[in-house]
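Here's the structure we're looking at; comments come further down.
Note: hydrogens, waters and symmetry copies are ignored here, and every other heavy atom, side chains too, is used.
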Amino acid sequence: MGADRFSTATRLRTLGAQAAARVYRAQSRRVRTPRKGRLTGRAALLALVLCSLVVALAYPTRQYVTQRSEIADQKRQAERTRDEVDKLKELRARWRDPAFVEQQARRHLHFVRPDERGYILPDGTADTGPRRDRGPANRAWYENMWDAVDAVDAADAADAADAADVSGRADANIGADGHRPSTAAR
C-alpha cells in the first residue's frame, strides 16, 4: 500500500512539472510574438500629436493663403491706379497745349473765330445729302408724337375716302323707287 501512496504523489509531481513547463512555454510564446493589427501606445501618441498639429496649423495656414491673395489683389489695384494717374498726367499735359484747347472748344462748345461763321445742323452731321430718318429711338419725343398724329390723320383720311366710295356705290344701287333691288334680281 505504501508504494501506491507514493506512486500517486510522485505521479502528481510529475504531472505538475509537465503542466508548469507547458504553461511556461505558452507564456514565452505569447511574449515573443509581436502583436499584429493592434494599435500600440506609441502609435496612438504619434497619431494624437499629428492630429493636434494639423488642427493647430489649419487656421493660420488658411489665413496666410487669404492674405497672400489679398496682397496680390492690392498690387493689381495699385498698378491700375498708377496707369490711370499716368493717363491723367498725359491728359493734363495735352490741356496745356493751346491747339488742343482750341480743338476741344470747337468740337464740344461750338466756338468759332471772329472771322468764321459757324453752322449747327439739326441732326449734328455736315452731310449735304437728303436727310435720313433716324428711327423712333434716336429722335426727340415730340417728333415721334407728331409722326404718330400724322399717321393717324392719314389713316382716317383714307378710311373716309373708302367710306365715301362705298356709299357712292351703294347710292348707285338704289333704284328709282328708293329701294334696293333684291339680290335675286341682280
Side-chain angles (χ1 to χ4, degrees), residues 31-170:
V31 172
R32 290 182 189 158
T33 59
R35 291 188 246 178
K36 295 181 181 176
R38 294 187 61 181
L39 187 64
T40 63
R42 287 182 184 172
L45 183 63
L46 181 63
L48 181 66
V49 168
L50 287 176
C51 289
S52 299
L53 282 174
V54 167
V55 168
L57 295 177
Y59 182 74
T61 304
R62 185 174 62 114
Q63 289 296 322
Y64 174 77
V65 170
T66 304
Q67 288 175 358
R68 295 302 295 174
S69 68
E70 287 177 4
I71 289 170
D73 290 342
Q74 291 295 327
K75 284 181 180 178
R76 283 191 294 273
Q77 176 78 21
E79 185 63 32
R80 281 192 300 259
T81 306
R82 268 189 236 109
D83 291 343
E84 187 175 340
V85 167
D86 291 341
K87 288 177 184 175
L88 290 173
K89 285 180 180 178
E90 181 183 321
L91 184 62
R92 185 178 64 184
R94 289 176 63 194
W95 276 103
R96 289 184 179 154
D97 181 23
F100 180 76
V101 172
E102 181 180 348
Q103 176 191 18
Q104 295 301 316
R106 285 175 174 269
R107 178 181 295 157
H108 297 291
L109 302 175
H110 306 290
F111 280 16
V112 292
R113 291 188 175 269
D115 57 343
E116 295 177 344
R117 183 173 289 174
Y119 296 98
I120 298 176
L121 299 175
D123 62 354
T125 64
D127 190 13
T128 58
R131 184 174 176 192
R132 288 175 266 154
D133 187 23
R134 295 182 293 171
N138 295 328
R139 297 188 324 192
W141 64 271
Y142 51 85
E143 289 179 0
N144 292 332
M145 183 185 71
W146 283 118
D147 287 347
V149 169
D150 290 340
V152 170
D153 285 344
D156 287 344
D159 288 344
D162 288 343
D165 187 36
V166 169
S167 67
R169 278 188 261 142

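- Residues satisfying the salt bridge (charged side-chain N to carboxylate O under 4.0 Å, His left out) test with Asp73, not counting sequence neighbours, are Arg76.
- Identified under the ring-ring contact (aromatic ring centres under 6.0 Å, His included) test for residues 72-103, with sequence neighbours left out: Trp95-Phe100.
- Atom-to-atom distance recorded for Arg62:CZ and Leu57:CG is 13.5 Å, nearest 0.5 angstrom.
- For the atom pair CG (Asp153) and CH2 (Trp146), the distance works out to 9.5 Å, reported to the nearest 0.5 Å.
- Once rounded to the nearest 0.5 Å, the distance linking CZ of Arg68 with CD of Gln63 reads 14.0 Å.
- Glu116 meets the salt bridge (charged side-chain N to carboxylate O under 4.0 Å, His left out) test with Arg106; sequence neighbours excluded.
- Separating the OG1 atom in Thr81 from the CG atom in Leu88 is a distance of 10.5 Å, to the nearest 0.5 Å.
- Ion pair Lys87/Glu84 not flagged as a salt bridge, since none of the NZ, NE, NH1 or NH2 atoms sits closer than 4.0 Å to an Asp/Glu carboxylate oxygen.
- Here the CZ-CG distance, from Arg96 to Leu91, works out to 11.0 Å after rounding to the nearest 0.5 Å.
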